[in-house]
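Keep in mind that what you see is a predicted model, and the values were worked out from it rather than measured. In what follows, chains are A, B, ... by sequence order, proteins preceding strands, each numbered from 1. Only this structure's heavy atoms are used, side chains among them; waters, hydrogens and symmetry mates stay out.
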Amino acid sequence: MSEQANNRPVLVIPCSGIGKVHGLISREATYLVADEMAPKETDTLCLALLVKRDPEAVEAVRKQQCITIDGCPKACAEKNVEMAGGHAAKAVQVTEAFKKHRGAKPGTATDLTLDGWAIARDVAQEVADEAARLCREREVRE
Amino acid sequence: MKRAILSCAGLDRPEGALAREVALLGAEATGSEIICPVLLNRSPARYRKELSENALIVIDGCATRCASKLAAQTQAKIERKVLVYNDMKTSALPIEPSLRLGPNGLALAQAIADRLIKDMNSQSAEAEPVVSWDAPAEFLTVTHDKFEFRIPAADYLFNENDCWVRTVNRAARIGISDYMQQRLTDIGFFTPPETGAEVEQFGELGSVESAKAIFEIISPVSGTVTAVNRAVVDNPGLVNSDPYGAGWLVQVKLESLEQDQELLLDGAAYSKTVKRKAAEP
Amino acid sequence: MSAEMTKVGIVSCSGEAIPEGTISRLATRRVLELLRPDNTVTICLPLFLAGNEGERNFAKTHPTITVDGCPKQCARWGTEQHSGPVSGALVISEILGTAAIGCSRSLRAASRPDKEAIWTVAEHIAAEVDRILAEVTSVSTGQSKDGTECACSAPIPGRIVTVKGAPVTIPGLELIFRQCLARSIAADSNGITALLDAVKIYHRILPEEEPEYRAALLQAYVEFSREHGPENK
């Protein structure tokens, strides 16, 4: 990876599926990481721009490390990053996080309950930890 | 009865070597087909004929149970499962901690194989024929807004509670319909019934759970639970991706299908039910 | 065809990088849940772009609005690419202008400006839905010798097709054909499947009658395309 790319943040890309609460959790987890837990190490990018093959978006995923957060096994975010020529260093699925919160009532595709925010935080922590690990590896390589 | 033997491919521990040795001894003694787990995983079609014609003996080395998980995806009739790790723990002889079996390991493999061969040979001539659960070939489709709900055109019966049953001889498999799995969205948990439990028609057969709801599985038939789909316990998403095939939930031995059928719907009738339910606010 | 029977699809960009993307998503959900629950369906853009047939077929056979956060208009691009021309296209940065300043990407930080912005956009979307439904209704007030009547006695332009040798009037078929032509839906087996699904909303077809209806609709659509296709304008 080039010295210029080493300074670039890790891109966290959610699926933001509008039909299910999982999509909202993927989105809010992304903001927890990029705005609160790891603001220096991470940033996000519009998935729709990537699918549209916007040149800046495509260049970003090819040059920067990516972590995807998908609401369900259809894995739209992970697939589209790969199709744009990028690589998801970690591909998180919100449905896996649900398995640790049996019985939770997370809310709807419009709003999250406290359960839903707890799941979003779990997902965000997993992503933030991975982003920190990726940044540490980069530093070691320099 | 003809058999096929599937053993795990564990290369990194003695249990794997033990499982393999048991499989080879069993195959030599009984003339059974050996199934390669790597090839089965890579190209399942390669063994379709062997698995449809033979009952399957599954031999796992350790509690990860890779061979069992692989077998569950094939929908083959599993006659018996062996977990050699249990024999290792209780063996009077200490098993050599080596990836190649030593004298004690070989002796234990022979003992396990002898027991397995005796069980296989003692199967009665009137054992039940191998049951093949082929995937549905044709579907009816009900469309509502952007949603498409599939219903097998033949061989599946439904109750009003959106559970299906498919019967082969006296065995029946039960699952939930495509309509219901779409309503529930991503299923995270399957709580199965106890094997051996008796169930009346419209009794409860465990539940599946998603972020939206817990759905009680209402049995379309009466009978005795003979198996639950462990693959779904480990990976509940199978119900979403293949509700009529790999996502089956419970297998029962039927009590009185002729009587139960009177209260069940065929595919065409269930399509109308789905159309009505989908249109409800 | 009555406005009550028509559903309008809404495709939101849900762009993650800017607050307008969050506003597009939440305003769309507000229309779906509160403002026009009986007449709207949301289409998931990632699934739509990934090839989900249900989402794409709906957009092909129903009027569809796109709601984009910024002028790049990814939702509009995706819909036109995979389903055909849209019936309406809103851009939030153009609707809100400087009112989007101070809005948040995340629900956690949502405050009064966010809520006002979401309502403003939701009302724009609802107005767009109403405009489309009014067009649908206004078509139905035209005279047509093949027309039938809605329950409210308004004439609905239908079209007669021949099924099993007998003439059958299908309500709304004229408008369905126009929409399909506008979306460049081909007169082939895939296109007819989408067309048949739209017809079934307004006209009962038994499963055993489907093959004959398919053939009749295919023939009628081919004729309609010859009469009204772009090469005839």
Pick whichever of C:P46, C:A109, C:C13 has the most heavy-atom pairs under 4.5 Å with chain A.
C:P46
Take C:D130 and C:R36, measure what salt bridge (Lys or Arg N to Asp or Glu O under 4.0 Å) needs, and give me the verdict at the end.
CA-CA 9 Å; C:D130 291 344; C:R36 299 291 182 272; 2.6 Å; yes
From the list A:A34, A:G19, A:G17, A:G23, the residue making the most non-hydrogen contacts under 4.5 Å with chain C is A:G17
[X] versus chain A, heavy atoms under 4.5 Å apart: side chain, backbone, both or neither?
X: C:L45; answer: side chain
X: C:Q81; answer: neither
X: C:T22; answer: both
X: C:L26; answer: side chain
X: C:L32; answer: neither
X: C:S12; answer: side chain
X: C:T42; answer: side chain

Would you find a donor on one side and an acceptor on the other, under 3.5 Å apart, between the side chain of C:K72 and the backbone of A:K52?
no
Report which part of [X] has an atom under 4.5 Å of a heavy atom belonging to chain C: side chain, backbone, both, or neither.
X: A:C76; value: side chain
X: A:K79; value: neither
X: A:L45; value: backbone
X: A:I13; value: neither

Can a side-chain donor-acceptor contact be found between [Y] and [X] if the only test is distance below 3.5 angstrom?
X: A:T108; Y: A:D111; answer: no
X: C:E33; Y: A:T110; answer: yes
X: A:S16; Y: C:E16; answer: yes

A:L114 atom CG, over 12 foreign heavy atoms within 6.0 Å
no
Are any of the side-chain heavy atoms of A:L112 and A:I25 separated by less than 4.5 Å?
yes
Side chain to side chain, C:V11 and C:E55, heavy atoms closer than 4.5 Å:
no
Indicate the ring-plane relationship of C:Y221 and C:F177, choosing parallel, tilted or perpendicular according to the 30° and 60° boundaries.
tilted
